[in-house]
Amino acid sequence: MSAMVLPLLLAAALGATAVAGPWLLRAAAPVLMRVPRLTVLLLGGSLLLWLLTAAALCLTLAWTVTGPSVLPAPAADICQRCLDAASPFAPSTTIETGIPVVLLLVLPGLVLLLLLVVSAHRWLCRHRATLSVARAVVARARRTHIAGHAVLLIQDANPVVFSLPQRSGGIVVSDGLLAALEPVELAAVLEHEHAHLRQRHHLVLALLAGLVWPLRWVPLAAAIADTLPHYLEIAADNAARRHTGTPALAGALLKLGTPETGITLPTEAGLDSPVLHAAGPDRIRHLVAPATTGVAALPTALLALQLSAFTVVAAAIHGPYVYAALAGCPLPT
């Protein structure tokens with residue numbers, strides 16, 4: 001078997017999962033909705049594993065091709081020793097190309113560095129947007145306690161409720177909300193927002209916004225960015241109905257309708273709002289009549305298989321490089 005078969009198969013698998021990933025996520029949703037917090041971890045982990053596997057593609061190409069040396073002789077010797085120690089292929093099976101092998105070795109690190117820089121910039125922009133929203137809210141709110149929760153109360157006839165990160169203000173409600181909801185419904189909504197704070201959902205969304213934004217051209221990454229906030233809302237719903245019951249939460253969501261804040265939420269251009277809303281009727285169906293999981297069993301199994309395969313591939317390819325580096329890049333035996 002030619003050594004080039006491995007990188008070709010790996011490239012095909014990456015392309016297939018990038019394109020088919022959104023369909024699998026939609027098809028597996030009835031199962032994933034049952035375990036939203038685990039799903040959030042799995043979605044984030046699957047994206048990271050996809051990136052590690054994409055980096056592994058360059059590393060496998062470094063095993064299978066040779067090219068001109070662009071490093072000084074001592075550095076080139078060390079690099080070649082590490083490559084030979086990590087490679088499962090004999091030197092005689094490699095293909096001569098015009099690509100310097102060292103470029104394939106450093107390219108994943110350079111791309112990772114670029115992603116980190118872009119993600120850090122995105123995170124800082126979102127942080128500034130959060131502070132801007134917090135200043136606008138705090139300027140017109142007073143702090144109080146409602147149903148055992150510390151909240152910022154604003155004067156607005158609309159039923160307004162959302163949460164900012166805890167350090168930026170926490171739960172925000174309007175006097176219109178107090179008038180619109182029954183006490184048990186109000187308790188459900190506040191428990192929902194408190195779950196966002198307790199489970200650090202704002203941090204999850206901030207990390208997601210930074211990581212995924214430069215990768216939204218990948219269908220899988222875009223689908224994860226679009227669906228993960230939905231699972232955070234379901235996780236907060238589950239926490240709320242454990243305290244107050246499903247009817248109270250469903251009734252509150254029905255009355256809240258679509259998110260309305262009553263104020264203009266300033267954000268940086270291109271950034272999603274940094275607030276989380278306990279609003280919208282779209283989740284009521286899941287609360288009162290969740291979809292059956294039978295039809296989602298196969299897509300869920302395929303997602304699990306994909307995650308397992310990427311874990312094995314990433315470990316099998318990155319592992320030898322790490323071992324060779326830790327062992328001092330000895331000559332292969």
*Before giving the answer on side chain to side chain contact (heavy atoms under 4.5 Å, CB included), spell out for T227 and L32 the whole-Å C-alpha distance, their side-chain angles and the decisive distance to 0.1 Å.*
CA-CA 11 Å; T227 58; L32 300 180; over 6 Å; no

*I would like to know whether L287 and L253 meet side chain to side chain contact (heavy atoms under 4.5 Å, CB included); could you show each step before the answer?*
CA-CA 10 Å; L287 289 173; L253 292 178; 3.6 Å; yes

*Given L207 and R126, is the side chain to side chain contact (heavy atoms under 4.5 Å, CB included) satisfied, shown in steps?*
CA-CA 10 Å; L207 293 175; R126 186 180 179 89; over 6 Å; no

*Walk me through it: do H149 and E191 pass the test side chain to side chain contact (heavy atoms under 4.5 Å, CB included)?*
CA-CA 8 Å; H149 296 279; E191 286 293 342; 3.3 Å; yes

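Using cut-offs of 30° and 60° for the angle between ring planes, the W63 and Y321 rings count as parallel.
A donor-acceptor pair under 3.5 Å links the side-chain atoms of H202 to the main chain of S163, judged by distance alone. For the pair R140 (side chain) and I154 (backbone), a donor-acceptor distance under 3.5 Å is absent. The backbone N or O of N158 sits less than 3.5 Å from a side-chain atom of D156, completing a donor-acceptor pair. Checked by atom type and distance alone, the side chain of T64 pairs as donor or acceptor with a backbone atom of L61 at under 3.5 Å. At distances below 3.5 Å, not a single donor-acceptor pair connects side-chain atoms of S132 with backbone N or O atoms of R128. No donor-acceptor distance shorter than 3.5 angstrom exists from the side chain of H230 to the backbone of D226, with no hydrogens or angles considered.
Under a hydrophobic clustering in which Ile, Leu, Val, Met, Phe, Trp and Tyr are joined whenever their side-chain heavy atoms come within less than 4.5 Å, directly or via other members, L232 and V35 fall into the same cluster. Tracing side-chain contacts under 4.5 Å through hydrophobic residues (I, L, V, M, F, W, Y), one reaches L48 starting from V212; they form part of the same cluster. V151 and L197 fall within a single hydrophobic cluster, where Ile, Leu, Val, Met, Phe, Trp and Tyr side chains are chained together by heavy-atom contacts under 4.5 Å. Hydrophobic cluster membership is shared by L38 and L303, with clusters built from Ile, Leu, Val, Met, Phe, Trp and Tyr side chains linked at under 4.5 angstrom. No single ILVMFWY cluster, assembled from side-chain heavy atoms under 4.5 Å apart, contains both L103 and L113.
The side-chain heavy atoms of L186 and V161, taken from C-beta on, include no pair separated by under 4.5 Å. Side-chain contact between L51 and L211 is present, with heavy atoms from C-beta onward closer than 4.5 Å. Annotation: side chain of V40 is not in contact with side chain of H201 (no heavy-atom distance under 4.5 Å). Residues L59 and L105 have side chains in contact (heavy-atom distance under 4.5 Å, counting atoms from C-beta outward). Here the side chains of N238 and R242 are in contact, with some heavy-atom distance below 4.5 Å. In this structure, Q306 and L24 have side chains that are in contact, with non-hydrogen atoms separated by less than 4.5 Å. No side-chain heavy atom of T39 sits under 4.5 Å from any side-chain heavy atom of V31. At least one side-chain heavy atom of L152 sits less than 4.5 Å from a side-chain heavy atom of R143.
Between atom CD of residue Q166 and atom NE2 of residue H194 there is a gap of 8.0 Å, rounded to the nearest 0.5 Å.
Under the side chain to side chain contact (heavy atoms under 4.5 Å, CB included) test applied with V313, the options L10, L52, L6, L9 reduce to a single match, L10. Partner of L14 under the side chain to side chain contact (heavy atoms under 4.5 Å, CB included) criterion, chosen from V218, L220, L57: L57.
The 12-atom threshold is exceeded at NE2 of H318, counting heavy atoms of other residues, nucleotides or ligands nearer than 6.0 Å. When the shell of 6.0 Å around CZ of R37 is examined, it contains 12 or fewer heavy atoms from other residues, nucleotides or ligands. With a 6.0 Å radius and a threshold of 12 heavy atoms from other residues, nucleotides or ligands, R198 has its CZ atom above the threshold.
Under the 3.5 Å distance criterion, with hydrogens and angles disregarded, a donor-acceptor pair is assigned to the side chains of H192 and E233.
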